[in-house]
J.: 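Got a structure here, written out as structure tokens. Questions coming.
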There are 2 protein chains.
Amino acid sequence: MKGINMIQLAKELGLSVSTVSKALGDSHEISSTTKKRVMELAKKYNYKPNPFASNLRKKKGKQIAVIIPDIVNNFFALAVDGIESVTMAKHYDTFIYLTHENLEREKSVLEHLENGLISGLIISVCTGREGYGHFQQFYESARLPMVFFDRVPDLLQFPKVISNNYESTFESTERLIKAGSKRPLFIQTEEPLYTLMERRRGFQDALVANGISFTDESLITCSENMEDNYLLLKKLFSSRKRPDGIFAPIEKFAITVYQVCRDLKLNIPKDLKVIGMTNLRTAALLNPSLSTLSQPAFDMGREAATLLLKMIEKKSYAAANDIIVLANELTIRDSV
Amino acid sequence: MKGINMIQLAKELGLSVSTVSKALGDSHEISSTTKKRVMELAKKYNYKPNPFASNLRKKKGKQIAVIIPDIVNNFFALAVDGIESVTMAKHYDTFIYLTHENLEREKSVLEHLENGLISGLIISVCTGREGYGHFQQFYESARLPMVFFDRVPDLLQFPKVISNNYESTFESTERLIKAGSKRPLFIQTEEPLYTLMERRRGFQDALVANGISFTDESLITCSENMEDNYLLLKKLFSSRKRPDGIFAPIEKFAITVYQVCRDLKLNIPKDLKVIGMTNLRTAALLNPSLSTLSQPAFDMGREAATLLLKMIEKKSYAAANDIIVLANELTIRDSV
DNA sequence: GTGAAAGCGCTAACAG
DNA sequence: CTGTTAGCGCTTTCAC
């Protein structure tokens, strides 16, 4: 019941297994008539080569892993969509692992994958102060092609797919200022990743370029705990010296800003102008509609997967220093 | 470089491979001192059993597949999160396949998976008039445990995880009516799945139970093409006989309703009361805040995965008729 | 153009 | 409690 195998196929065809194997692999050393016979019987029996056997023998397979912090986030969901669109087309199977911003989990996934299950990885790292030694270490022992996207380890020499964080944040911040913000605020995280550092740098440079001094009050540090963040922002927004503009470089922070403003009855954009870095589909429907800097998430996933498969198939580790940079898109709506 | 194998381990320990294998498998027929020796050397070399070899030999592995229509949708993203939380804990690997509501793609994924790569599947079906023959057929030939969730094929005898669509839609519709809606509208799809039929039934019964007649005008049929839907709803909302209440049983329809109202300057809830079936995180921040009937997406994923792994491990196909029903949650906000 | 044979790394009888 | 042995189903030299 559970599928026929090559031996039975060969037997029925009066051929050897090796001939059948080669025919199925469309080898040039097999006559086209034999190939046709083999293919036809294979189709008749709906024969599918056992991937475990062939992977074992070839010591590699068509499976890759995607390791991301979160899937309940439009950016990552879109990126996975982009990845899957190319793996599907190239007949690769895609494993998914979620780290939930937990470094231990990230490490244990990596450790698990040293068993040889996969032929390559696509990764967006989770936040954490410990650096990226585990990736380097994984690579040393597994020697597998790896592509990072968006949240990339800046110090390691791996191919990366990112977006123009510095430039687009600079531009966004200028819009905030041009719209009248005198004291723009940037929300940062405790252990900023490279990606976030770039955004912050864009923000800072935009202030300076527009004659606004960048001080401690230009930044606020939020955590993974959204309730803490809510209270922190509420306190800040209630104070005399509250900001009059905000660049939220992470989707959930933008949402929190809106919640705080709603509860404090602060008027956006009169009291506070807001630009959020997000791929929310409902941005235009928020009250007021949210101005967004969105990332080309689907395309980033697509590029990362394309690059990875190229590395897997061509063994072109030469690509190891590739950095693909795509452009973010600024959409100004009523919140500015 | 690329990992040590069992033979080398055995050699270094002065044991046979089978002893090592059993020791690693924590078999009771191995002395605890031997086990300890084996485990230690394995750890020292960071030895990981080759999954292809062991899957080949055992004719099964710890990989499962998740087949869903879409990942850029909070419901499915949350469900995947729930699934992953249990597969991760039980050391299973999770493949993901997206069908994008494309029946051909659904069939081809299924066909691909007949190769034996996985030990079980979790599925939410895509819309389409062709029925579910391919699932039955797949099962006949692959004999793999399968669990369906949310969008389930009502006619097939497989375990399912769903939510109380009928009851919760009934309740939601009553709220619409109690809030003053005289002509509530339900948005349906061209080829309604069982899940949607149940919601529609709840809607219909709520009208009747509240003395409102259920007519052709109580329903509108939307498609996969969101632009068409936008125009269709715009036309309807502009007409004399426009509805004064809406139950949108699908997230994207609720969003379209909001877009149309915004563009038509219709006041929600004065002109139109809206309840949307969605897991949007931003529902409370929309203008006005959207009343939602949300599904316990994470829990549904978790239950589905728990059930599947139970079936895989206990071979308890007896569970085949299990239907787990979880409760949806109605949250009334300003849109009603 | 086709076949024989070795073996990928592991597990599971079966013997001892 | 430990070892011997026979494969799982496939790919890949190497002969013919």
Side-chain angles (χ1 to χ4, degrees), chain A residues 1-39 41-42 45-63 91 113-119 142, chain B residues 1-39 41-42 45-63 91 113-119 142-143 313:
Chain A
M1 181 107 293
K2 184 66 181 304
I4 189 178
N5 68 16
M6 232 160 96
I7 301 175
Q8 304 171 52
L9 262 191
K11 204 167 289 173
E12 183 157 345
L13 286 159
L15 290 169
S16 72
V17 267
S18 66
T19 304
V20 172
S21 173
K22 286 169 189 164
L24 255 14
D26 199 28
S27 161
H28 55 275
E29 41 180 333
I30 301 294
S31 74
S32 55
T33 51
T34 304
K35 275 185 195 168
K36 197 170 296 172
R37 282 183 64 219
V38 173
M39 301 292 197
L41 197 69
Y45 283 135
N46 190 25
Y47 168 77
K48 300 272 188 314
N50 178 318
F52 298 132
S54 95
N55 290 351
L56 173 60
R57 182 57 232 249
K58 294 192 299 190
K59 287 169 169 276
K60 66 171 171 157
K62 291 192 125 197
Q63 288 79 40
H91 306 292
L113 291 175
E114 285 194 34
N115 64 5
L117 231 205
I118 52 155
S119 300
Chain B
M1 180 108 291
K2 183 66 178 307
I4 190 180
N5 67 17
M6 233 160 96
I7 300 177
Q8 304 172 52
L9 263 191
K11 204 168 290 173
E12 182 157 346
L13 286 159
L15 290 169
S16 73
V17 268
S18 68
T19 304
V20 174
S21 173
K22 285 169 191 163
L24 257 12
D26 199 27
S27 161
H28 56 273
E29 39 179 335
I30 302 295
S31 75
S32 55
T33 52
T34 305
K35 275 186 196 168
K36 197 170 296 177
R37 281 185 63 220
V38 173
M39 301 290 198
L41 197 67
Y45 284 134
N46 190 26
Y47 167 78
K48 301 272 187 312
N50 179 319
F52 298 132
S54 96
N55 290 352
L56 172 60
R57 182 58 233 247
K58 294 192 299 188
K59 285 169 170 277
K60 66 172 172 155
K62 292 191 125 199
Q63 288 79 39
H91 306 292
L113 292 175
E114 285 194 33
N115 65 7
L117 230 204
I118 52 155
S119 300
R143 293 270 144 200
E313 286 170 3

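Just so we're on the same page: letters track the sequence lines, and every chain starts at 1.
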J.: Rounded to whole Å, how long is the line connecting atom NZ of B:Lys59 with atom P of D:dG7?
T.: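 One finds 13 Å between P of D:dG7 and NZ of B:Lys59, rounded.
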
J.: Looking at every heavy atom in both B:Gly61 and B:Ser119, which two are closest together, and how far apart are they?
T.: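 B:Gly61 and B:Ser119 have their closest heavy atoms at O-OG, 2.6 Å.
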
J.: For DNA chain C, which residues in residues 47-56 of chain A have a heavy atom at a distance below 4.0 Å?
T.: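 Result for residues 47-56 of chain A: A:Leu56, sorted by number.
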
J.: Output all residues satisfying side-chain contact (heavy atoms from CB on, under 4.5 Å) with A:Ser54, sequence neighbours left out; order by chain, then residue number.
T.: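 By the side-chain contact (heavy atoms from CB on, under 4.5 Å) rule, A:Ser54 matches A:Lys58.
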
J.: Distance check, rounded to the nearest 0.5 Å: A:Lys60 atom NZ versus A:Asn55 atom CG?
T.: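 With rounding to 0.5 Å, NZ (A:Lys60) is 10.0 Å from CG (A:Asn55).
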
J.: How many angstroms lie between CZ in A:Arg37 and CG in A:Leu9, if you round to the nearest 0.5 Å?
T.: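 Nearest 0.5 Å value for the CZ-CG distance: 11.0 Å.
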
J.: Judged by atom type as modelled, is there a donor-acceptor pair below 3.5 Å linking the side chain of A:Lys35 to the main-chain atoms of A:Ser27?
T.: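 It does hold such a pair.
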
J.: To the nearest 0.5 Å, how far apart are CG in B:Asn50 and CG in B:Asn5?
T.: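 Answer rounded to 0.5 Å: 9.0 Å.
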
J.: Distance alone, cut at 3.5 Å: any donor-acceptor contact between the side chains of A:Tyr45 and A:Gln8?
T.: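 No pair is found: no donor N or O on one side chain lies under 3.5 Å from an acceptor on the other.
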
J.: Kindly give the heavy-atom pair with the smallest separation between A:Asn46 and B:Glu114, and that separation in Å.
T.: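 Heavy atoms of A:Asn46 and B:Glu114 come nearest at ND2-OE1, 2.7 Å.
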
J.: Over all heavy atoms of both residues, which pair between B:Val17 and B:Ala10 is shortest? Give the atoms and the distance, please.
T.: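 Closest approach of B:Val17 to B:Ala10, heavy atoms only: N-CB, 3.8 Å.
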
J.: Could you tell me the separation between the CG atom of B:Leu56 and the CG atom of A:Leu56, rounded to the nearest 0.5 Å?
T.: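 B:Leu56 atom CG to A:Leu56 atom CG measures 6.0 Å (nearest 0.5 Å).
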
J.: Please walk me through it: do A:Phe52 and B:Lys59 pass side-chain contact (heavy atoms from CB on, under 4.5 Å)?
T.: CA-CA 9 Å; A:Phe52 298 132; B:Lys59 285 169 170 277; over 6 Å; no

J.: Would you give the length of the straight line joining atom NZ of B:Lys62 to atom CG of A:Leu117, rounded to the nearest 0.5 angstrom?
T.: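 The distance works out to 12.0 Å.
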
J.: Expected output is a numbered-order residue list: members of residues 15-31 of chain B with a heavy atom under 4.0 Å from any atom of DNA chain D. What is it?
T.: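 Contacting residues: B:Leu15, B:Ser16, B:Ser18, B:Thr19, B:Lys22, B:His28, B:Glu29, B:Ile30, B:Ser31.
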
J.: For B:Gly14 and A:Met6, find the nucleotide of DNA chain D closest to each by heavy atoms; which residue's nucleotide sits nearer the 5' end?
T.: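 Nearest-nucleotide comparison on DNA chain D picks B:Gly14.
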
J.: Calculate the interatomic distance between A:Asn5 atom CG and D:dG9 atom P; express it in whole Å.
T.: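 One finds 5 Å between P of D:dG9 and CG of A:Asn5, rounded.
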
J.: Tell me, please, which residues at least two apart from B:Thr19 pass side-chain contact (heavy atoms from CB on, under 4.5 Å).
T.: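 Checked B:Thr19 against side-chain contact (heavy atoms from CB on, under 4.5 Å); matches are B:Leu15, B:Ser16, B:Ile30, B:Thr34.
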
J.: Below 4.0 Å from chain B heavy atoms, what is the first contacting nucleotide of DNA chain C and what is the last?
T.: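 Terminal contacting nucleotides, 5' to 3': C:dG9 to C:dC14.
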
J.: Angle between the two end axes of the helix from C:dG1-D:dC16 to C:dG16-D:dC1, five base pairs per end, rounded to 10 degrees?
T.: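 Computed from the C1' atoms at both ends, the axes differ by 30°.
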
J.: What is the distance from CZ of B:Arg57 to P of D:dC10, rounded to the nearest Å?
T.: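 Going from B:Arg57 (CZ) to D:dC10 (P), I get 16 Å.
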
